[in-house]
Amino acid sequence: MNESIKSAVMERLRQIKGPDLEGDIVSLGLVSDVFVSDGRVAFSITVPAERAQELEPLRQAAEKVVKEVDGVQNAMVALTAERAPGAARNAPQPTAPAPRAQPAREEQAPAKPGVPGIRHIVAVASGKGGVGKSTTTANLALAMAANGLRVGVLDADIYGPSVPRLFNVSGRPEADSGRVLKPLVGYGIKVMSMGFMVEEETPMIWRGPMVISALTQMLREVAWGDLDVLVVDMPPGTGDAQLTMAQQVPLAGAVIVSTPQDLALIDARKGLNMFKRVDVPVLGIVENMSYFLCPDCGGRHDIFGHGGARAEAERLSVPFLGEIPLTMKIRETSDAGTPIVVSDPEGAMAEIYKDIATKVVAGIQRAESSPERGTPKIVFD
């Protein structure tokens, strides 16, 4: 079924003329791999970066003809400057004029466009997977809400979306107006995730441009309403998707999640340095799975070592936000879709998350008032 839809989509796309009305976008090799799943189609069209705005009608035309294909319920089409697989590689490229020496001048760094209604966007990131980043994101967001804030969660982990399970939410987002979708709601938190668009077992095999396009749509084409904080569950690592989010989204700051052992800290350090290089304030480090609390004897065991994240925070001069123990209760409640902050709101573990949430909000306020934000950049023409 998917293959027949894909073939029909490619046939329709041959009707779309290229950027200069010569040939069609398929024959010119401008169309990326077409992804089809449950009636949803996604692909990108390669265009020169400087002509992206001019060629928006081309994207709209492609989206329109694809939606007319039998079996297609929705289409996600993005313009990208990255060359699509199979595109002609010997096409002449414009030659940039030689740079002229000009005196240095001060220029304000271009502002990243905000999202209407959202006051602050906070990224929760990790240098590697498996450190409990998504569980931390969910409980941190719920703790902020428990502290009186209006909170949303964007699941930016395209390849491993966990938010639907953590918030015990399922179903398809409904259209609000045009391309804008209504977020789903779990425990009073507005949430959006690619996990709502595809089945839990369906693997995501998108390339970078498609991931970036999906993230952009989930951020900017969702009716978030008025939020004090949007918490973004970032993909693990420091690849293209993470860098694009850090560069293009007006992040108020980033929270780094790590476990205590040296190998995890090495990767956490990479994530922290990535945010620093793109001028995103690091609000602090959380040491997750800091120690194990035995459910039988109540004893504490430092399975992964202890204190590594605190020492790393001190070494790098960033705040240490707190230690979250490895407990059966946190794991069980997360798997059951009843995170510890809502299932045991007065318990010791919930208090840890609430304390971290308070520190994160204080960090946002400090970063916002810092004289370094908005400092002029020295550039050369």
Side-chain angles (χ1 to χ4, degrees), residues 1-94 113 158-159 172-182 192 194 196-199 202-223 240-241 244 248:
M1 179 64 175
N2 286 346
E3 286 302 317
S4 63
I5 292 177
K6 182 175 180 178
S7 298
V9 165
M10 295 299 289
E11 192 60 35
R12 288 294 184 94
L13 291 176
R14 294 182 190 276
Q15 302 173 10
I16 307 299
K17 295 293 186 182
D20 296 309
L21 302 180
E22 296 179 358
D24 64 85
I25 59 175
V26 174
S27 300
L28 291 171
L30 304 182
V31 178
S32 72
D33 293 335
V34 175
F35 175 83
V36 181
S37 175
D38 294 334
R40 289 172 296 280
V41 176
F43 60 92
S44 63
I45 303 171
T46 302
V47 298
E50 66 277 5
R51 298 182 64 187
Q53 185 172 359
E54 169 197 348
L55 295 174
E56 172 61 15
L58 183 149
R59 186 199 68 77
Q60 294 175 352
E63 186 175 81
K64 182 176 183 294
V65 299
V66 169
K67 286 183 176 179
E68 294 171 352
V69 174
D70 289 340
V72 174
Q73 299 175 14
N74 196 12
M76 180 186 294
V77 184
L79 296 181
T80 175
E82 179 174 313
R83 182 169 295 281
R89 296 188 176 276
N90 297 321
Q93 300 295 321
I158 297 291
Y159 298 113
R172 298 280 189 260
E174 298 178 358
D176 183 54
S177 62
R179 292 167 56 89
V180 178
L181 298 176
K182 294 180 181 178
M192 179 55 68
M194 185 55 67
F196 298 139
M197 315 294 184
V198 298
E199 299 300 327
T202 301
M204 299 300 293
I205 52 176
W206 290 357
R207 296 180 185 272
M210 293 306 304
V211 172
I212 293 166
S213 177
L215 292 178
T216 301
Q217 286 191 262
M218 288 195 296
L219 176 68
R220 302 191 182 278
E221 297 182 13
V222 171
D240 186 51
T244 299
Q248 297 185 3

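Computation of the quantities below employed the complete heavy-atom set of this structure, encompassing side-chain atoms and omitting hydrogens, waters and symmetry-equivalent molecules.
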Write down the atom of [X], the atom of [Y], and the distance for their closest heavy-atom approach.
X     : Y     : result
Ile45 : Ala62 : CD1-CB, 3.8 Å
Ile5  : Asp70 : CG1-O, 4.1 Å
Leu13 : Val31 : CD1-CG1, 4.0 Å
Gly18 : Leu58 : C-CD1, 4.1 Å
Met10 : Val34 : SD-CG2, 3.6 Å
Ala8  : Val69 : CB-CG1, 3.6 Å

Hey, what do you get for [atom1] ([X]) to [atom2] ([Y]), rounding to the nearest 0.5 Å?
X      : Y      : atom1 : atom2 : result
Ile16  : Ser27  : CD1   : OG    : 12.5 Å
Arg172 : Leu181 : CZ    : CG    : 12.0 Å
Leu30  : Leu55  : CG    : CG    : 10.0 Å

Listed by chain and number, what are the salt bridge (Lys or Arg N to Asp or Glu O under 4.0 Å) partners of Lys182, not counting sequence neighbours?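 With neighbours one apart ignored, the set is empty.
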For Glu68, salt bridge (Lys or Arg N to Asp or Glu O under 4.0 Å) partners two or more places apart: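 Arg12, Lys64.
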Counterpart residues, side chain to side chain contact (heavy atoms under 4.5 Å, CB included), relative to [X] (two or more places apart):
X      : answer
Glu221 : Arg179, Gln217
Val222 : Pro183, Met192, Trp224
Ser7   : none
Leu219 : Val115, Ile121, Leu154, Leu230, Val249

Answer yes or no: is there a side-chain heavy-atom contact under 4.5 Å between Gln60 and Glu63?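 No; the side chains remain at least 4.5 Å from each other.
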Residues, nucleotides or ligands: over 12 heavy atoms within 6.0 Å of Glu174 CD: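 Not more than 12 within 6.0 Å, no.
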side-chain contact (heavy atoms from CB on, under 4.5 Å) partner of Val65, the single match among Gln15, Arg14, Glu11: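 For Val65, the side-chain contact (heavy atoms from CB on, under 4.5 Å) check succeeds only for Gln15.
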